[in-house]
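Worksheet: the structure to be examined is printed underneath.
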Amino acid sequence: MTDRIVLAYSGGLDTSVAIGWIQEATGKEVVAMAVDVGQGGEDLETIRQRALDCGAVEAYVADARDEFAEEYCMPGLQANTMYMDAYPNVSALSRPLISKHLVAAAREFGAGTVAHGCTGKGNDQVRFEVAITTLAPDLDCIAPVRDLALTREAAIEYAEKNDLPIITTKSNPFSIDQNVWGRAVETGFLEDIWNGPTKDVYDYTDDPAFPPAPDEVVITFENGIPVAIDGEAVTPLQAIEKLNHRAGQHGIGRIDIVEDRLVGIKSREIYEAPGAITLIEAHRELERITLEREQLRFKRSVEQRWTELVYDGQWFSELKGSLDAFILDTQKHVNGDIRMTLHGGRAVVTGRKSPNSLYDFGLATYDEGQTFDQSAARGFIDIYGLSARVASDRNQRVQKQA
């Protein structure tokens with residue numbers, strides 16, 4: 001297993017020129033492997049043909065749309081994953097899946113080495129290589145863009161010199177990564193963090209300043225997973241796709257953030273995640289009425305650590321597996337409907353209903369029929385404030401003695 005190298009191929013600039021670079025540097029044949037994670041855009045046959053035109057001896061495309069939605073996006077939804085309270089781990093969720101398929105392709109095509117097109121500045125190099133070494137420690141992994149310190153300008157020049165069929169040019173230097181969960185855009189003029197994003201940056205969302213009429217949607221969850229939209233049964237993939245369209249029309253899910261990368265760099269990123277943001281907002285609201293207070297509070301801290309682990313490339317780690325078990329246990333009562341209004345860049349919850357709701361109207365109401373015993377409040381407050389009162393008495397004594 002030494003005469004071939006399997007390259008994780010996206011169809012973009014870096015991985016397209018990497019085919020030739022790898023062959024020139026190693027003398028080995030390159031098999032290009034693309035994974036369909038619902039990124040849309042170009043036809044996958046076009047991407048496969050581009051890999052062949054760029055010099056790959058074989059090109060393989062894996063349809064992993066449902067797998068990605070069910071086994072990666074849904075755990076992300078149940079964890080309400082939001083890195084730095086803003087980014088729903090769009091790229092990070094796809095990397096362990098791509099790594100898994102990369103390892104499988106290496107076995108199928110008899111390769112002892114795999115490759116990716118990441119730079120040395122980003123998070124994805126870590127995500128790919130940690131996942132690969134965890135799943136297949138016997139495989140070698142190379143990263144020509146990083147290891148040769150090749151710039152995007154050099155990549156564009158190489159593509160033009162070798163007449164490679166690459167759509168990225170010097171006048172359109174964006175680096176774009178997308179899947180059904182969202183879309184990430186970086187580089188180019190966005191690297192000046194004073195520059196505002198222009199209209200051509202966005203694709204999944206329309207301008208929220210000019211939205212259509214408000215759109216009311218009801219999302220039904222079972223065990224924290226969306227199973228119906230407006231009463232129509234959906235798979236996880238269909239739920240994300242439908243909300244990408246409906247929420248995207250209202251400009252929901254646009255994110256402009258300077259984020260802390262794992263490697264220590266602050267990086268300006270533009271994200272679009274209309275379906276993900278809408279689903280997370282709905283899921284959080286359903287949890288508010290179905291999870292007990294202390295359980296909900298603790299889950300929020302678990303969500304933060306889970307999100308950081310996924311962002312940092314630790315999808316297959318022992319700790320994440322343990323956190324998965326906790327999060328899954330919390331979802332057994334997260335059943336019901338959330339009604340939302342989509343409009344002008346926001347997904348606003350307007351109604352919630354669950355057979356497992358902990359909301360008790362009799363306890364909550366201030367009108368006649370209330371069942372809460374208000375006479376118990378005085379004693380509760382006395383006990384609850386006791387430690388603070390004792391500490392305050394001590395502080396006053398010390399102050400007088402000073």
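Computed from heavy atoms alone, side chains included, the values below leave out hydrogens, waters and symmetry copies. Please read these numbers as outputs of a predicted model, since none were measured by experiment.
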If I take atom [atom1] from residue [X] and atom [atom2] from residue [Y], how far apart are they, to the nearest 0.5 angstrom?
{"X": "L13", "Y": "T187", "atom1": "CG", "atom2": "OG1", "answer": "9.5 Å"}
{"X": "Y204", "Y": "R254", "atom1": "OH", "atom2": "CZ", "answer": "14.0 Å"}
{"X": "R48", "Y": "M33", "atom1": "CZ", "atom2": "CE", "answer": "14.5 Å"}
{"X": "L97", "Y": "L102", "atom1": "CG", "atom2": "CG", "answer": "11.0 Å"}

Between the side chains of [X] and [Y], is a donor N or O closer than 3.5 angstrom to an acceptor N or O?
{"X": "S267", "Y": "R261", "value": "yes"}
{"X": "T290", "Y": "N356", "value": "no"}
{"X": "E259", "Y": "Y271", "value": "yes"}
{"X": "H250", "Y": "D206", "value": "no"}
{"X": "E129", "Y": "Q125", "value": "no"}
{"X": "S354", "Y": "N335", "value": "no"}
{"X": "E287", "Y": "Q331", "value": "yes"}
{"X": "N395", "Y": "Q399", "value": "no"}
{"X": "E216", "Y": "T341", "value": "no"}
{"X": "E67", "Y": "H101", "value": "yes"}

Could I get the full list of ring pair (Phe, Tyr, Trp, His ring centres under 6.0 Å) partners for Y158, not counting sequence neighbours? W21
Hey, are K266 and D260 close enough for a salt bridge, meaning a charged N less than 4.0 Å from a carboxylate O? yes
Test side-chain hydrogen bond (donor to acceptor under 3.5 Å, both in side chains) on Y9 and S16 and set out the steps. CA-CA 7 Å; Y9 185 70; S16 292; 2.9 Å; yes
Do any N or O atoms from the side chain of S392 and from the backbone of R389 form a donor-acceptor pair under 3.5 angstrom? no
Please tell me if the side chains of D312 and N123 come closer than 4.5 Å, counting only heavy atoms from C-beta onward.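 No. Closest side-chain heavy atoms not under 4.5 Å.
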Nearest atoms (heavy-atom pairs only) where L7 meets T15: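 Closest heavy-atom pair between L7 and T15: CD2-O, 3.4 Å.
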Residues, nucleotides or ligands: over 12 heavy atoms within 6.0 Å of F298 CZ: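 Not more than 12 within 6.0 Å, no.
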Tell me whether R127 forms a cation-pi arrangement with Y311, defined as NZ or CZ under 6.0 Å from the six-membered ring centre and within 45 degrees of its axis. yes
Test side-chain contact (heavy atoms from CB on, under 4.5 Å) applied to W181 and L77, V37, N244, the passing residue: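 Of all the options given, the one that passes is L77.
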Hey, what's the ring geometry for Y83 with Y87, parallel, tilted or perpendicular (30° and 60° as the breaks)?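 Ring orientation, 0 to 90° scale: perpendicular.
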